[in-house]
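Okay, structure first, notes after.
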Amino acid sequence: MPYSRSESPFFHNGDVQRAIVRLASCDRLVIYCGAGVTIDRTGLSWGDLIAQLFEANDNSRPARDPTQDEVSILRRGLTPLQLASILAERTNEHYPSERAARVSLVPKLQQALYKGAGWQSGALVSNIIRLAFGLVQLGKTVTIVTSNYDTYLEEEYEHYRKEIESSLQNGDIPGLIVEAPGIGRPFRNCKPRGAVGSIEIIYLHGRVPPTGSLGGRLALSENDYHQLSESVVRTLKEHFSSRKTGVLILGASLTDPPLLKALSDTRRKSDTKDRSLMRRIALMPAASTGFVDQDYDIPRLVQLMKARTVHFDVELLIPDFHYQIAQFCQEIFTAVSLQPTPAEYAEPACPARYGCRLQHWWEEWQQQGKCGDPEMVFGCLTERLDRVNELLASDNRVRDSRDELLKIELWVRYDPGKESRRLALWGTSTCVLQNRRVLHFEDLALTASNASLRAFIEGRPQYLGRHDLTEMGSVINSRWQSFLSVPIRIELPEGVLPVGVVTLASMRGKDESGIPEDSVKSMNHIIRQLTALGHELLQI
């Protein structure tokens with residue numbers, strides 16, 4: 001059978017808890033952001049991005065440049081970087097110089113990275129910046145090194161800084177310095193407020209803002225990567241080798257030669273590779289390992305993969321689900337604030353630990369009247385559905401709510417304190433769920449074909465059709481054909497927690513539904529409505 005999840009919850013694992021404590025105890029933290037960090041914000045993989053650049057080529061010549069069918073075929077046999085080399089070479093033929101060809105791709109990159117993204121954002125970028133803020137406010141040093149082009153980390157810094165400034169009139173607020181190797185002056189230098197330092201962001205492969213010009217040298221093709229590799233390795237080694245430095249690697253496949261070279265050159269001697277002392281941690285979700293579809297002893301394969309990263313003096317942690325990577329950043333932030341030291345986080349009785357916080361939320365939420373009153377939950381869902389129908393009508397998506405049958409569902413993280421890993425359907429706008437003893441449950445699993453489960457484990461909004469879910473492993477017999485599902489996270493004093501999902505379902509397929517997938521603005525409006533409903537019902 002395909003792998004569905006580990007035997008015990010990820011954050012209950014002692015190795016995970018100890019890794020959180022080690023990173024929280026470091027004086028300096030380097031966060032390496034690979035392509036997976038951008039995917040969490042845009043939904044675009046590196047291969048998807050390159051394919052879109054082929055589509056956007058205004059000067060393509062059908063006789064010479066690859067068609068979309070040819071690009072699809074090439075993607076099956078080539079790596080994204082190899083495909084990018086084809087794109088680079090074909091683009092070069094249309095311009096007098098290689099530099100002019102690269103510059104011509106910047107507007108196309110901006111279109112791909114920013115114009116269609118936003119509504120499907122996860123929490124990873126936000127949690128990285130929140131972690132960086134918290135560490136710098138405590139007097140620590142944080143450097144974020146990214147192999148991505150986009151400036152979502154900077155945008156999140158601006159958003160979070162404004163949020164802090166509005167609630168903290170006189171407190172310290174970290175600054176921001178944005179750089180690239182070989183560039184003498186920073187792209188940005190936002191001054192801190194108070195007696196704290198600045199967060200540093202380094203773009204290894206070029207910086208492409210939503211508007212304006214390219215910053216640094218754009219690394220696109222294999223030649224570009226080889227020519228930049230020396231400066232990239234030098235930059236990484238400089239930051240990895242600092243004393244009392246922790247390294248957190250996110251969204252990376254751990255196959256990039258410059259990254260591996262820098263890790264190799266800065267690793268400790270083999271006789272000091274005590275895992276309890278490792279301060280270099282890489283997270284790779286199970287789905288990215290390449291073996292979750294194998295009918296084999298997956299825990300055994302996990303141990304073998306970990307042996308490979310120990311070779312580079314890196315401890316590999318493999319969460320079952322994508323949302324746990326963003327949550328890992330939150331847990332470091334939680335641990336670093338504990339007194340007298342972050343080591344408290346690893347104590348079984350520590351109330352700030354993830355599992356304890358989740359159990360506390362469940363117990364408190366169970367005591368609230370709105371939780372146990374099916375009529376009240378039903379009323380909230382139907383009222384919110386009316387607002388969504390109004391939004392769709394105002395966007396000229398539907399003339400009348402009767403044109404398309406919709407429903408809203410509330411799914412809840414059910415009784416998590418007993419190591420239960422499942423969601424329960426707690427309410428629906430189609431009827432009142434009176435009997436709480438006969439709830440419908442769905443286990444958190446990679447093999448899940450339930451839309452609400454998929455959004456929860458991905459950690460970001462998902463708009464899925466029946467065909468998308470059928471491809472995930474099971475035939476769905478339902479009148480409901482398409483699903484917009486939004487994970488709900490709530491703020492507690494010790495940190496943010498994912499506690500449920502709100503789903504808008506339609507009896508029409510994605511190609512016929514009025515749910516406005518092609519409009520970022522309209523999708524954001526609907527997602528804000530669903531998120532507000534989730535907070536109203538799940539906050540304690």
Side-chain angles (χ1 to χ4, degrees), residues 10 13-34 36-37 128 131-132 135-136 138-147 181 197 199-200 202 204 229-285 288-289 299-319 325 328-329 331-333 335-336 341-346:
F10 179 68
N13 186 304
D15 287 344
V16 174
Q17 294 165 1
R18 287 185 288 272
I20 289 168
V21 170
R22 289 199 300 276
L23 292 178
S25 303
C26 293
D27 294 338
R28 186 169 188 271
L29 183 63
V30 177
I31 306 174
Y32 180 95
C33 296
V37 175
I128 289 170
L131 171 60
L135 292 174
V136 173
L138 290 171
K140 297 174 184 284
T141 302
V142 177
T143 300
I144 303 172
V145 184
T146 178
S147 62
I199 301 165
E200 183 182 26
I202 300 175
L204 297 175
S229 64
E230 186 175 334
S231 67
V232 169
V233 170
R234 185 167 56 249
T235 299
L236 292 175
K237 285 174 61 175
E238 175 187 342
H239 291 284
F240 289 171
S241 60
S242 300
R243 292 185 69 250
K244 295 184 178 180
T245 295
V247 178
L248 177 59
I249 301 173
L250 305 172
S253 62
L254 298 176
T255 58
D256 184 49
L259 173 60
L260 296 179
K261 170 67 173 170
L263 289 171
S264 177
D265 288 353
T266 56
R267 71 192 190 280
R268 295 173 300 165
K269 295 179 180 179
S270 58
D271 58 352
T272 61
K273 287 184 183 175
D274 181 350
R275 279 182 56 194
S276 67
L277 301 176
M278 279 189 180
R279 292 184 174 181
R280 308 202 303 191
I281 310 295
L283 270 71
M284 181 184 296
S288 298
T289 60
R300 168 69 176 162
L301 295 177
V302 166
Q303 291 306 314
L304 293 173
M305 284 193 68
K306 289 185 175 184
R308 184 226 169 196
T309 61
V310 169
H311 190 61
F312 292 94
D313 196 21
V314 174
E315 181 174 4
L316 177 65
L317 300 177
I318 301 182
I325 297 176
F328 188 87
C329 297
E331 298 312 300
I332 301 173
F333 189 16
V336 79
T341 71
E344 293 295 310
Y345 186 91

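This structure is a prediction, so every number in the text was calculated from the model and none was measured.
- In this structure, the side chain of Arg22 engages the main chain of Met278 through a donor-acceptor pair within 3.5 Å.
- At a threshold of 4.5 Å between non-hydrogen side-chain atoms, the residues Leu204 and Pro181 count as touching.
- Between the CZ atom of Arg28 and the OG1 atom of Thr245 there is a distance of 5.0 Å, given to the nearest 0.5 Å.
- Looking at every heavy atom in both residues, Ala132 comes nearest to Ile144 through CB-CD1, 4.4 Å.
- Remark: the backbone N or O of Val314 is paired with a side-chain donor or acceptor of Thr309 at under 3.5 angstrom.
- To the nearest 0.5 Å, atom CG of residue Leu135 and atom OG1 of residue Thr141 are 9.5 Å apart.
- Pairing each heavy atom of Arg279 with each of Leu23, the nearest pair is O-CD2, 3.6 Å.
- Between His311 and Arg308, the shortest heavy-atom contact is CB-O, 2.9 Å.
- Across every non-hydrogen atom of Ser147 and Gly34, the tightest pair is OG-CA, 3.6 Å.
- The only option from Asp265, Val30, Val145 that meets the side-chain contact (heavy atoms from CB on, under 4.5 Å) definition with Leu236 turns out to be Val145.
- Listed by chain and residue number, Glu230 satisfy the salt bridge (charged side-chain N to carboxylate O under 4.0 Å, His left out) test with Arg234 (two or more places apart in sequence, or in another chain).
- With values rounded to the nearest 0.5 angstrom, Glu238 atom CD is found 9.0 Å from Thr143 atom OG1.
- A donor and an acceptor atom, one from each side chain of Ser264 and Arg267, are located under 3.5 Å apart.
- For the atom pair CG (Leu29) and SG (Cys329), the distance works out to 9.0 Å, reported to the nearest 0.5 Å.
- Considering Val142, Ile199, Val336, Ile332 in turn, Ile332 is the only one that fulfils the side-chain contact (heavy atoms from CB on, under 4.5 Å) rule with Leu131.
- Contact check for Leu316 versus Met284: side-chain heavy atoms found under the 4.5 Å cut-off.
- Heavy-atom minimum distance, Ala335 versus Ile20: CB-CG2, 3.8 Å.
- Of all heavy-atom pairs spanning Val232 and Pro258, the tightest one is CG1-CB, 3.8 Å.
- Tyr345 is listed as a side-chain neighbour of Glu331, based on a closest heavy-atom distance under 4.5 Å.
- A search for side chain to side chain contact (heavy atoms under 4.5 Å, CB included) contacts involving Thr266 returns Lys237, Phe240, Ser241, Arg280, not counting sequence neighbours.
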Just distance, no hydrogens or angles: give the donor-acceptor pairs under 3.5 Å from side chains in residues 248-256, sequence neighbours left out.
{"unit_1": "Ser253", "atom_1": "OG", "unit_2": "Thr255", "atom_2": "OG1", "d": "2.7"}

